Amino acid sequence: MSEIMYMINGAIYAVFLHNLLFSGGLGASEMLRAAQRNSEIVLTSALISVFSAVSALLNLGVNVLLTSQRDILEWLSWRYGIFSAQLPGMQVVWHAFIFAFILLVLYLLVNLVVHFLPASKHKLLFQKRIGAAALNTLVISIPLLLHLRANTSIGFALGMGLGAGVAFYVVTLLVNSGMHVLRQNKAIPTQFSGVPATLVYTGLLALAFTGFAGGLSLF
Amino acid sequence: MPKQNQQPRWKQRLATNRDARRWNLTSLALTLPLLLLGYFYYGASALHVAVVSVLAAVLAELLFGRLFLRKNTLGDWNAVVVGLWIACMLPAFIAPPEQYDMLGNYAVWYAALGSVFAILVVKIPFGGTKHMPFSPAAAGFAFLTACFPHRVFTFTASEVVAPVRSRSMALLLNLGENAITPNNFFRILFGHTVGPMGTGVVLVMVVLLVVMLLLKSRRSYAMASLGFIVAVAALAFLFPRVSPGVDGMTMNLRLASIGMELVSGSLLFAAIFLLQEPSTLPSRWHTRLVVGVLAGGLTILLRHLGTFEENVVFAILLANAALPAIYRLQDEWQQQKIFRRKQAEETEAADA
Amino acid sequence: MPKQTKRVKRESVLRGAWLDNPMLVQAIGLTPAIIATTSLRMALWFSLVTAIHLLICEMVASLWLKKWHSWARTAVYFAIGIIFAFGAGMLFEVWGGVVGQTDVVDLLMLRAILPLMATSSIAAVRCERFAVYNNLRASVRDALVNAVGFTAVMIIMGLLREGLGHGSLFGVELTETMRIRGFWMPFGGFLLLGFLAAALKTILQWTSQRGITTDADEAMEFCPEDRQERLEKIHHLLNAADEYEKSRKPDDEPAPESQQEEAQPEAEPKPVSVLFEPATSNFTREFPRLDDLTIEQLLAEFQGGARDE
């Protein structure tokens, strides 16, 4: 039961308390691109959820494994000189490398599986969106944030992973609807029409979400 | 893929400049009593802050309106109203750090900054008064809250009347304390509390809301405020933030929780003035009621989960942003219905 | 393999960085602008690492990846990004350990956010939009153009956010009074980007080099009504292509390559390769500028590309 509560906490954290897109700009470019295309928001958000959750869980396991093998890491650093484990935060660099590598392997596996599926409209749609959804600053930030916060709860990691997709959906929907309003607004000055007005609108949305997070950056 | 609904959803509520001017002058007339009360309670500092805030807003609109909108947009008096509302939500006096004593009352600088932000960022890029997607005063105060969270909630007590408690009602509620008792109930209604300079006198704000409900031009907009207050009251009753007493969470404590939520911070002021931004509300009174309820729910959610002492302005911004999203989902759902019906008709025709 | 487009413009690098700025015009690579510009030093280092990453990705894409599947190419960009992020992170770790923690706090924060550079959209989007369709020289030029544009925006953002938000520059405190937290907060980053984009548009209007509408604006203006119009335009052009084919006499010109391949005797079937196949879809769905594409490209686009409807 407590893991389920942790999961809900993780999801609420990712969506509201520290909205990943507005508190760190994670996935901002992909969010703006998805906001232009009404039909792909749900699929992209779902894929982000899946990739975030799976990579968060895999990296949690790696985290625990690496922490338990500290002696080996220290020996390695002593043996090879410059890779000193005494430097502050050294583990972060190694962990980030491993997190990214795991995400890459996951991405390749999924693409290989999809590649050998029979040809269909859905396969083409999936292939289009998998790259953008998987190799995304939002997805790679989940294991990084969990590591920086020294969080080892499976439920929280899963909740944060799933919450990343929900956060992406909520934010993209808000920005998409805002873009529709802006498109109908003929009074926008020419200097602000298009990208500038959209960015200012997104900034004001981020200001609205600051009420939850207090404006603190994720990192 | 079904075709997009061709008709624009966002018709201008204030169709002409005359409508906008009339609206803003009414808002100004309704806000002036609160400003006068602020002067009564807090002295010349309150007027000083209000004047500078209004001047900053007017100058910003004059300068940036000419630069970007290429026309004089001051005629609708919106800048005056925005500046006044931001000033009303600030303390009358914020002491500067010792080494910067020459800068005087910091509230003046913050008011000017908030007003310039409201005009330059929320109003001008989107085409002016009739097209703002967010409430500019709410966004301006939200900016000040995010930038100076401790300073904008550092209140000084009035020298004219003794407050019921030395801390603000919002802070007391965050700490779980209940300040409403039968002895001080009327004192709280008359604004004998520590708080923002223009939002303390609850009784006057209730009267203003009643006046709005009586005015024909404001009645349907006031439904949004009514929905907001009802939602806050209901949620405060169900999820009180006041700590339970020895006897647990009694009915009296729940009712006191409603009172505390409504009188704390700038909640009533935001509900009555900031929420009723014509360009951010839908067209019919019952949908405005629903938007008000949504804003009230978001306010309580933010008060439970949020970081700052006062979060109502962020809730109003979220409600402003949520409305287009609700319309979007509604449009898509209707289009999907039409699309499925047409597909079914085509299938039937093909079978026949 | 699609032929070289006519979209390569012969402009100076500085002018290209300005007119086709990746952040302010194309709206890509926004995450670094929000996260990595809270100090000027961090912005400079991040820009340097990203520029090298972009250059190498575009060179690799132009030289070797043209025949790969788009998803395989994306994996390569990501792998290059990981290697760079790791190497740069190690360098900053060593420097931080040598210089001392307090002096390079922002660099120590940088090592936490450098891995995000691996997934930054700027390299992937530029490679998929440009490098796989162009030669090495054009790709290097495109990388330089985008790197200069990216760095310029990062420097301006770093200056403003650190100067006005923290009241310092390069860690040296300038003022204690003028510190507006909102500038270094994420919402301040978005707002600053929006205003910088507006400023750029204003400058472009004044100099009348490009006019008001840019590629990104055309994309941002997209809605289903435009899609219908676009499809009608494609239909019209396809009809024109059919008429062109019918009117062309068999002896006048050699047939296009696709028909020559069909006319050849049956060749041995190519081994099916997972990675090496002609790219038919892009990493991101880009709306082609119909006037710039040749008829063969339009046919390939319409028949081979994905459609949402």
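Keep in mind that the numbers below use all heavy atoms, side chains included, and drop hydrogens, waters and symmetry copies. Owing to the predicted nature of the structure, the values given are computational and were not obtained by experimental measurement. By convention in this document, chain letters (A, B, ...) are assigned in the order of the sequence lines, proteins followed by strands, and residues within each chain are numbered from 1.
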Problem set entry | Heavy-atom contact with chain A under 4.5 Å, split by part of C:Ile122 | neither
Seminar exercise, completed: Of the listed A:Ala206, A:Ala28, A:Gly203, the one with the largest count of heavy-atom pairs under 4.5 Å with chain C is A:Gly203
Problem set entry | Heavy-atom donor-acceptor pair, A:Tyr107 side chain to C:Trp71 backbone, under 3.5 Å | yes
Exercise. Listed by chain and number, what are the side-chain hydrogen bond (donor to acceptor under 3.5 Å, both in side chains) partners of C:Arg126, not counting sequence neighbours?
Worked result: C:Gln26, C:Asp142
Exercise. Is it the side chain or the backbone of C:Phe86 that comes within 4.5 Å of chain A heavy atoms, both, or neither?
Worked result: both
Exercise. Does A:Gln191 use its side chain to pair, donor to acceptor, with the backbone of C:Thr202 at less than 3.5 Å?
Worked result: no
Problem set entry | Under 4.5 Å from a heavy atom of chain C, the part of A:Phe101 involved | backbone
Seminar exercise, completed: Of the listed C:Gly189, C:Ala197, C:Pro32, C:Ala198, the one with the largest count of heavy-atom pairs under 4.5 Å with chain A is C:Ala198
Exercise. For C:Gly165, does its backbone N or O pair with a side-chain atom of C:Arg179 as donor and acceptor, under 3.5 Å?
Worked result: no
Problem set entry | Residue C:Ala85 versus chain A: region with a heavy atom under 4.5 Å | neither
Exercise. Looking at residues at least two apart in the chain, or sitting in another chain, which of them share a side-chain hydrogen bond (donor to acceptor under 3.5 Å, both in side chains) with A:Thr44?
Worked result: A:Arg129
